[in-house]
Amino acid sequence: MTASTQTIPETTIHAETRGSTLLIRMDGPETRNAITGPNFGRMRALLADASRNPALRAVVITGDNGYFSSGGNLRRLKKTAEGPYSEASSNTDLLSAMILGIRDCPLPVIAAVEGGAVGVATSLALACDMIVAASDVSFTVAYVRIGLTPDGGVTHFLSAALPRQIVSELCLTGAPITAERLATAGLVNRVVDKGTALDTALDLAKRFDKAPRTAVSVIKSELNAAPRNSLAEQLALEAQNLNHARYQPEGREGIAAFLEKRKPEFPSNE
């Protein structure tokens with residue numbers, strides 16, 4: 001069988017519910033869970049479905065086979081590079097839509113990272129609201145090593161949190177950065193023992209089981225808006241949202257529960 005006719009291993013995206021959490025798993029043992037256009041589209045669709053499901057409170061994304069993801073499938077990338085530009089741009093459009101889908105999802109999205117995250121997988125993890133990573137994990141922006149440039153918003157996410165000199169080293173040399181170092185910089189929420197990232201992420205997701213779903217969604221939208229807003233714009237947005245929330249069932253119940261010294265029973269939104 002020639003290289004041109006070889007079957008390209010594909011990663012499967014599994015989805016299952018764990019209580020009120022949607023668990024999304026990347027499963028491609030032959031490629032360390034490398035992901036491509038169809039995977040981006042599948043994850044985007046799952047996130048959109050989760051947004052509309054009132055029974056869900058959080059999303060956890062992880063990789064099977066002891067690894068988060070090795071990034072883009074280079075065999076698939078090579079194949080698309082042999083075709084029309086429109087095919088290549090279609091894949092990156094799907095990636096961008098997935099990244100925006102994570103950010104726009106009204107539910108908290110948590111990455112559980114084992115083994116490592118390379119290239120677009122680093123973008124995927126950084127797009128999440130929280131990251132739990134095993135202590136031996138490294139994140140790599142590896143594009144330059146193969147003569148390519150970053151995508152998936154990784155330069156945006158890194159530049160928002162790290163000094164230019166560190167971002168330059170990561171992106172211009174393809175050097176890995178450890179989970180410990182990213183945790184020190186505030187980009188990783190939990191560094192845990194190897195093999196425990198998923199369990200820790202699921203435990204973290206459980207914190208949202210009885211949380212006020214609408215309030216959490218609005219807070220996430222405020223966090224998304226903050227980097228592009230001026231102080232005056234952010235103050236106005238927060239004031240508008242707060243004044244609206246106090247008249248809603250969640251706000252009424254939360255205030256009443258506090259004054260009555262009991263735990264709130266927020267509406268299920270179902």
Atom pair CZ/CG of Arg42 and Asn39 - distance to nearest 0.5 Å: 10.0 Å
Gap between atom CG of Leu204 and atom CG of Asp199 - 0.5 Å precision: 12.5 Å
Stepwise side chain to side chain donor-acceptor pair (under 3.5 Å) test for Asp209 and Ser20: CA-CA 6 Å; Asp209 282 356; Ser20 60; 2.4 Å; yes
Value rounded to 0.5 Å, distance of CG in Asn33 from CZ in Arg25: 10.0 Å
Residues clustered with Ile255, ILVMFWY side-chain links under 4.5 angstrom: Phe258, Leu259
Residue pair Arg164, Glu169: steps toward the salt bridge (Lys or Arg N to Asp or Glu O under 4.0 Å) verdict: CA-CA 9 Å; Arg164 177 183 175 86; Glu169 179 182 353; over 6 Å; no
Joint hydrophobic cluster, Val118 plus Phe40, side-chain heavy atoms closer than 4.5 Å: no
Point-to-point distance, once rounded to the nearest 0.5 Å, from CG of Leu237 to OG of Ser221: 6.5 Å
From CA spacing to verdict: side-chain contact (heavy atoms from CB on, under 4.5 Å), Cys171, Thr155: CA-CA 8 Å; Cys171 295; Thr155 55; 4.2 Å; yes
same_hphob_cluster(Leu124, Leu94) at 4.5 Å side-chain heavy-atom cutoff: yes
Contact check, side chains of Val188 and Val137, non-hydrogen atoms, under 4.5 Å: no
Heavy atoms from other residues, nucleotides or ligands near NE2 of His14 exceed 12 (cutoff 6.0 Å): yes
Single-linkage hydrophobic cluster, 4.5 Å side-chain cutoff, Phe139 and Ile146 together: yes
Exam field: side chain Thr173 to backbone Leu170, donor-acceptor pair closer than 3.5 Å: no
Contact summary for Ala58 and Phe208, nearest pair of heavy atoms: CB-CD1, 4.3 Å
Salt bridge (Lys or Arg N to Asp or Glu O under 4.0 Å): pairs with one or both residues in residues 30-41, sequence neighbours excluded: none
Heavy atoms from other residues, nucleotides or ligands near CZ of Arg207 exceed 12 (cutoff 6.0 Å): no
Backbone of Arg213 reached by a side-chain donor or acceptor of Ser217 within 3.5 Å: no
N/O donor-acceptor pair under 3.5 Å between Glu253 side chain and Glu250 backbone: no
Distance in Å, Ile219 CD1 paired with Thr214 OG1, rounded so as to fall on 0.5 Å steps: 11.0 Å
Contact summary for Phe266 and Ala211, nearest pair of heavy atoms: CD1-C, 4.1 Å
Leu47 vs Val59 side-chain heavy atoms within contact, under 4.5 Å: yes
In one Ile/Leu/Val/Met/Phe/Trp/Tyr side-chain cluster, 4.5 Å: Phe68, Leu187: yes
Thr11, Asn65, Thr62 screened by side chain to side chain donor-acceptor pair (under 3.5 Å) with Asp27, the one that passes: Asn65
Flag if over 12 foreign heavy atoms under 6.0 Å of NZ, Lys206: no
CE on Met26 to CG on Asp64, rounded to 0.5 Å: 8.5 Å
Heavy-atom closest pair, residues Ala97 and Arg44: O-CD, 3.0 Å
Sidechain-backbone polar pair: Thr17 side chain, Leu22 backbone, donor-acceptor under 3.5 Å: no
Heavy-atom side-chain proximity of Thr21 to Leu202 below 4.5 angstrom: yes
Cluster check Ile177, Val120: I/L/V/M/F/W/Y, side chain < 4.5 angstrom: yes
Option among Ile13, Val109, Val60 that satisfies the side chain to side chain contact (heavy atoms under 4.5 Å, CB included) test with Ile24: Ile13
Nearest atoms (heavy-atom pairs only) where Ser70 meets Thr31: OG-O, 2.6 Å
Residue pair Lys220 / Asp104, side-chain heavy-atom distance below 4.5 Å: no
For Pro176 against Thr140, the heavy-atom pair lying closest together: CB-OG1, 3.6 Å
Any donor-acceptor N/O pair, Thr196 side chain to Val192 backbone, under 3.5 Å: no
Exercise: identify the closest heavy-atom pair between Gln234 and Glu222: NE2-O, 3.0 Å
